[in-house]
Number of protein chains: 2
Amino acid sequence: MDRFVSTFTNKIDAKGRVSVPASFRAVLERDGYAGGIYCYPSLDAPALDAGGERLAGKIDALLNDLAPYSDERDELSVALYGDVQVLTIDGDGRIVLPEGLRKHAGLQDRVAFVGLGDKFQIWEPGRFDERRQAAREKVRDHRKLFRSESDKGPGGTEE
Amino acid sequence: MDRFVSTFTNKIDAKGRVSVPASFRAVLERDGYAGGIYCYPSLDAPALDAGGERLAGKIDALLNDLAPYSDERDELSVALYGDVQVLTIDGDGRIVLPEGLRKHAGLQDRVAFVGLGDKFQIWEPGRFDERRQAAREKVRDHRKLFRSESDKGPGGTEE
DNA sequence: TAACAATCCATTGACGACCATAAAATTCCA
DNA sequence: TGGAATTTTATGGTCGTCAATGGATTGTTA
């Protein structure tokens, strides 16, 4: 297992600690884990993006694609790096979410960890449900991409 | 046998476990089985879609067609990865269906496994019957196309 | 020394591994 | 062909382990 998959909802305790799902921790360790996870506010959602070294590498790559002194790159650099927090994982697999991050995602007492393949997001569970409903509507539009293979009639051949 | 065929109805026990039909397990092992099955809510039915590595590969392929950091991809990722559960099969060939999935399909104490070729669906038996009735209505309209088929239904094992 | 952060310890509840039984299908043999 | 024996499959239960959670204790710094 080398991708973040599935959704897990955990509780924030009185001291602001949350357990990172065990399966996510396993992925992080394979992913050049260096004692902490990179976490920053999602650019287009009331959520947090998080991941390990691979995610950090992708951010670098994204910025390197932009012209070195462009306004666009400067703004994106600030937007990404400026808000990045390196959250250490304690001995029991928990992290502490700083106030700024909690506020951006509207986190109260429970958080949803949502696996997205090479990164994962942290959502307030209620908001995530709303977003998921909306996303499913859109996937419905792409249904045709699944159709061609799975709806073939009897007698179809496989590879 | 490398495709999921037939319908089997099994029971959910007190711990939420269900036996995956033996013939389906055989297909999964041929399909690059890696310890679990991928399962998510069907987009257009009160049922669950499930399959092995081949199905997971299709999801990846769909996402890889989209621009890496687009909003569209993020949304689809949430809908697909976020809803996907990796269900491990225990030593006796059983899986546990999490609450969220059970709710979407309206599963109570019995489930119908419906083979669809390269994936299969999981239905609440009553709902599946309704759907099959509807399907028969349509088949009746097109009966001329199926002249040669004399007696049997969808080929299912029913009790 | 008060306040806060990091580490350690304890409880509990869920899940996985394992075993036991029953029903059904298949094989084998008279 | 009939029926007994064996294997496969479905289902039920038990027990141990680990993850999630809550609380305590130590350390650090203003």
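On a predicted model such as this, the values are computed, not experimentally measured, just so you know. Note on naming: letters A, B, ... go to the chains in the order of the sequence lines (proteins, then strands), and numbering restarts at 1 for each one.
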message: Quick check: closest heavy atoms across B/Gln108 and B/Ile12, and the distance to 0.1 Å?
response: O-CD1, 3.6 Å
Ring centers of B/Phe4, B/Phe24 separated by less than 6.0 Å: yes
field: Outermost DNA chain D nucleotides near chain B [under 4.0 Å, heavy atoms]
entry: D/dT9 to D/dT14
- request: Describe the nucleic acid contact of A/Val20 in one word from base, sugar-phosphate, nothing, applying a heavy-atom distance below 4.0 Å.
  value: sugar-phosphate
Spacing between A/Lys15 atom NZ and C/dC8 atom P, to the nearest angstrom: 13 Å
- prompt: Can you check the A/Phe8 CZ to C/dA14 P distance for me, whole Å?
  reply: 16 Å
Heavy-atom closest pair, residues B/Ser19 and B/Asn10: O-ND2, 2.8 Å
- prompt: What distance do B/Leu101 atom CG and B/Cys39 atom SG have between them, rounded to the nearest 0.5 Å?
  reply: 5.0 Å
task: Report the residue from A/Arg54, A/Lys119, A/Arg3 that forms a salt bridge (Lys or Arg N to Asp or Glu O under 4.0 Å) with A/Asp31.
output: A/Arg54
query: Do the side-chain N or O atoms of A/Thr88 get closer than 4.0 angstrom to the phosphate oxygens (OP1, OP2) of C/dA6?
result: no
- prompt: For the pair made of CG in A/Asp13 and P in C/dA5, what is the distance, rounded to whole Å?
  reply: 13 Å
message: So which atom in B/Glu124 and which in B/Leu107 form the shortest heavy-atom distance, rounded to 0.1 Å?
response: N-CD2, 3.4 Å
Under 3.5 Å, which protein N or O atoms sit close to an N or O of nucleotides 18-26 of chain C? Give each pair with its distance.
{"residue": "C/dC19", "atom": "N4", "partner": "B/Asp92", "partner atom": "OD2", "Å": "2.6"}

message: Show the nearest heavy-atom pair for residues A/Val20 and A/Arg25, with the distance to one decimal.
response: O-NH1, 2.6 Å
message: So A/Thr9 and A/Trp123, do their side chains get closer than 4.5 Å, heavy atoms only?
response: no
- request: Can you tell me the distance, in whole Å, between the CD1 atom of B/Ile89 and the C1' atom of C/dC15?
  value: 16 Å
